[in-house]
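Below is one structure, written out as structure tokens; comments come after it.
Numbering of ligands and ligand atoms starts at 1, following listing order.
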Amino acid sequence: MKRIALWAFLLVLTTSCAAPSPIPTASPTLENTPTLINTVIPTLAPTETPVPMNCDQISAISVLAFESSTTMDIFAANRRLARTVNLGEALEFPDKGNWQWVNKEEIFYVVSQAGFTAVRIPINFAAHAESAPPYSIQDSFWESVDSLVNKAMKCGLVVIINMHNFGYESQIMRTESDYFLVLWDQIAEHYKDYPEASLYFELFNEPGDPYLWNTILFQGISVVRKSNPTRPIIIGLADWGQASGLATLKLPDDQGLIVSFHYYNPQEFTHQGAEWMEGAYKWLGTTWDGTPDEIAVIDQDFDRVSYWVQSRRHPVPIFLGEFGSLSKADQESRVRWTAAVRQAAEEHGFPWGYWDLCNTGSPTFGIFDCYTTRPAIQGKWDEGLFKALIPPQ
Ligand code: BGC
């Protein structure tokens, strides 16, 4: 959830490019989550020699599974997002971001082996395109995006390409709607040959203005459909992604849409100490105790989303695309809240996406230590939060 775009606090991020990689042949089926070889949290004693962590084995399994899939069922597509993790702090910044730290096959290997089924990649395309027509996205940026997408897919993960932020702003201005559409035309064209079981599009993260959003989402879907007639498209909600945005949402008649909401309630708990939110420092110390009343609030919030679906003439699948809490909050409360939200989502039939994968220092939403120079296999999960998301069987 971002109400104010403040880039001033962003870290100075280094840049780097990867060689273009071919379209991966590995693609999971819509129906089946690829077999997970194990779900053990990877740990290696520092003295052990790390074995190469690549996804060759996973790919072989996924290719077989995909080849037997023939039809697009948007509810099955949504189920493939069952346990998603966001890759924030990588490509959504105006400069290149910390993408090189996550641009390792072994990170995706670890994520996939841990039991996640999908990654949502927030990407700031507007910051890497010409600022005047034809608004071409830079070749070097395509290389960065393709590199992450291909690695994730090779590791059997479904990938969500999420347009996230617009240059130096978190929102699209009314005067920029043509720019938004031209960018989507390029993105859709670029990925049109990627398997639609493995690569989904999300038009924009946390739009603010409902009227502008309803206009440009219709136009954006039409643009995407020219080259991708049935690929799943995720539609976020106005009012910064919150479920309250359902009240104003209008959707075209398109059987390939998934509606996504974000959940950070109570904000005083999840965003305590957030630099980009005015007044968030005075929330420091807020706990979440998991009382019956606190749990009931989550259930009621999610019930309202289910009622919205039931009230529609045509049902549409729901994805909880982001939820998480900042590390400035009490850790035990974070674990309790994360487990409660995850459980409520699963009980309501909403696949979920945790924000965020990489632990970026303090404060962070991240659960995995991506940023060390050690191999990913030696990286560490935040054990409490990890188990809150993927409880041991
Ligand atoms: C924003 C992040 C923010 C997160 C939680 C995301 O959509 O892009 O910057 O940390 O929501 O507020």
Are H262 and ligand 1 in contact, using a heavy-atom cut-off of under 4.0 Å?
no

Quick check: are there more than 12 heavy atoms from other residues, nucleotides or ligands sitting under 6.0 Å from CD of E346?
yes

List the steps and the verdict of ring-ring contact (aromatic ring centres under 6.0 Å, His included) for F350 and F319.
CA-CA 5 Å; F350 306 154; F319 171 52; over 10 Å; no

E92 N/O under 3.5 Å from ligand 1 N/O:
no

Does N165, backbone or side chain, put an N or O under 3.5 Å from an N or O of ligand 1?
no

Quick check: H190 with W142 (ring centres under 6.0 Å apart)?
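Ring centroids of W142 and H190 are less than 6.0 Å from each other.
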
Just jot down the ligand 1 atoms closer than 4.0 angstrom to any heavy atom of F365, in number order.
5 (C), 10 (O)

Enumerate the atoms of ligand 1 whose separation from the nearest heavy atom of W276 is less than 4.0 angstrom.
3 (C), 10 (O), 12 (O)

Whether the E268 and Q272 side chains hold a donor-acceptor pair (N or O, under 3.5 Å, no angle test) is what I'd like checked.
no

Would a hydrophobic clustering, with Ile, Leu, Val, Met, Phe, Trp and Tyr connected at side-chain separations under 4.5 Å, put V335 with V297?
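Yes.
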
